[in-house]
Amino acid sequence: MQKNEQIWQQRYLAAPKQLSKLKNIGTVIAAFNTNIDAVVKIRGDELSKLAEQFDLKIADIKNGVNQLCSVRDVVRGICKCFINGIAEEWLCQDAAIAEWMQKNLQYERLQMGGQAGIIANLAAVLGVKRAIVHTASHPKKQAEQFLHYKNLYAVDENAELQQASTMNRVNDDALIHYIIEFDKGECCTIEGQNFTAPRANRFIATYDPANMHLKINDGFIKYVDENGYDFLVLSGFHNLTAKNGGEERIGEIVPLIKNWREHYPSGVIHLELASTQDKVIRRVILEKIAPLVDSLGLNEREAIDAIEIIAPDYYKKNKNEVLEAALMTEILLKIKEKTQTPRIQLHMFGLYVTLQNADFRINVEQNRNGMLFAAVVAASKAGYGKIEKTEDLLWSNIQNINVPELAELQKLSECLNMPELLSEGIAKLGKYDIIAVPTLIVPKPLTLVGMGDTISSVSLVSAI
Ligand code: GLC
């Protein structure tokens with residue numbers, strides 16, 4: 001084995017020791033979007049039938065907007081993701097479309113959905129003292145998606161904590177998102193033409209009036225006002241649209257965040273950007289929320305989308321380039337310059353990259369520890385399919401998945417002319433620190449949903 005591979009394997013073997021430190025962390029709050037994911041597996045022949053039934057044209061798939069205005073759009077969205085092997089989420093405003101999905105899409109299982117819900121479940125397994133989640137709606141069906149842990153709380157209307165898995169607001173609606181997954185190699189026919197899915201991926205069809213308006217419980221706001229947090233992980237802005245008054249809604253939430261920041265300066269606020277289709281909202285998030293937080297998490301697609309807003313000319317020049325690490329790092333720098341967020345972390349296939357101010361309160365070694373542990377947990381989630389118990393976190397480690405593929409890191413260190421980045425994963429990039437960690441690859445992942453949320457939150461909370 002090559003020397004650098006050995007060095008990284010040693011680091012990966014040591015990564016699980018982060019776990020024992022996590023019980024010292026007090027409060028991790030995850031807000032705002034929690035929902036239920038209904039996972040549907042679609043075969044190529046089933047999709048062909050739907051495409052025929054709705055007389056779908058290839059031109060519609062190529063040119064249409066990323067929105068669900070009719071049932072036909074649901075089929076169009078699945079086809080678009082299927083033939084390109086990509087992941088997208090489209091929103092719908094019409095209850096009739098949701099009803100059609102309920103009747104016509106058979107789900108295999110229900111599971112926790114939404115960044116906040118996924119992160120809260122995970123934080124509880126990590127063993128922090130209190131994982132607290134915001135739920136816009138909390139009927140029994142939602143409660144059932146929370147793990148049955150005593151350190152996992154939701155907040156009631158009187159700002160009191162209650163165990164999330166046992167809370168039941170009987171009058172609330174269940175907010176169900178359809179996660180329509182397909183396997184690599186499945187074949188479907190559209191307009192007489194055959195297509196093969198180049199990658200396993202998913203299309204999300206969302207009808208969720210509460211989260212689409214970013215409804216927040218008063219009890220939750222009061223709780224945070226009065227008690228603070230060690231980590232506050234924010235997401236859910238991506239579900240807003242300009243048409244729905246999303247810009248005004250962000251305008252109402254900005255003072256809340258400013259207030260929390262001012263009152264709890266030792267707490268760390270992280271924003272998980274998530275895929276934001278509406279460009280007006282994307283701009284407002286980047287201009288108004290990103291500059292307020294300590295840390296920003298995003299994947300390569302979300303980074304490119306951000307650049308479309310921040311640097312349109314640069315975007316036009318690079319939008320069709322291969323999204324490899326050197327280009328992504330250049331893009332991260334641009335985002336960082338624009339938003340001035342002290343820490344930015346990119347998670348991409350094969351590599352995580354963090355750029356941060358030299359005086360950031362989490363130092364470079366702590367960041368590297370957190371990122372390595374996040375890769376262990378992400379590989380466990382991908383390979384085992386779920387994280388519900390402490391031992392699930394370390395599944396990949398126990399399976400001896402601990403030698404990372406160094407190709408992306410190697411290219412990056414060569415491009416930046418920084419050999420120390422390849423061996424140490426830590427270097428100086430201008431006035432910033434850069435931390436880059438090669439990840440663990442699971443050949444046949446059982447799940448990919450919520451992977452970004454997992455990586456960002458674990459690498460931040462366990463950066464100790
Ligand atoms: C988006 C979807 C949600 C899914 C999550 C995964 O928030 O709306 O259904 O669980 O992404 O990251």
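Start at 1 and go down the list; that is how both ligands and their atoms are numbered.
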Any N or O of His177 closer than 3.5 Å to N or O of ligand 1: yes
Distance-only N or O hit between ligand 1 and Met112, under 3.5 Å: no
Parallel, tilted or perpendicular: ring planes of Phe54 versus Trp100, cut at 30 and 60 degrees: perpendicular
When you measure from the side chain of [X] to the backbone of [Y], do you find a donor-acceptor pair of N or O atoms at a distance under 3.5 Å?
{"X": "Asn211", "Y": "Thr34", "result": "yes"}
{"X": "Asp294", "Y": "Ile269", "result": "yes"}
{"X": "Thr341", "Y": "Ala290", "result": "yes"}
{"X": "Asp73", "Y": "Cys69", "result": "yes"}

Working for ring pair (Phe, Tyr, Trp, His ring centres under 6.0 Å), residues Tyr223 and His134: CA-CA 11 Å; Tyr223 179 86; His134 173 262; over 10 Å; no
Checking a contact table here: which protein heavy atom is nearest [atom], and how many Å away?
{"atom": "atom 7 (O) of ligand 1", "result": "Gln115 OE1, 2.8 Å"}
{"atom": "atom 5 (C) of ligand 1", "result": "Gly114 N, 4.0 Å"}
{"atom": "atom 12 (O) of ligand 1", "result": "Asp453 OD2, 2.9 Å"}
{"atom": "atom 9 (O) of ligand 1", "result": "Asp37 OD1, 2.6 Å"}

[X] heavy atoms, cut-off 4.0 Å: which ligand 1 atoms fall inside?
{"X": "Gly113", "value": "10 (O)"}
{"X": "Asn33", "value": "7 (O)"}
{"X": "His238", "value": "7 (O)"}
{"X": "Ile118", "value": "6 (C), 10 (O)"}
{"X": "Glu89", "value": "1 (C), 2 (C), 8 (O)"}

Residues forming a ring pair (Phe, Tyr, Trp, His ring centres under 6.0 Å) with Tyr12, sequence neighbours excluded: none
Under-4.0 Å heavy-atom contact with ligand 1, by part of Asn35 that carries it: side chain
Glu330/Lys334 salt bridge by N-O under 4.0 Å criterion: no
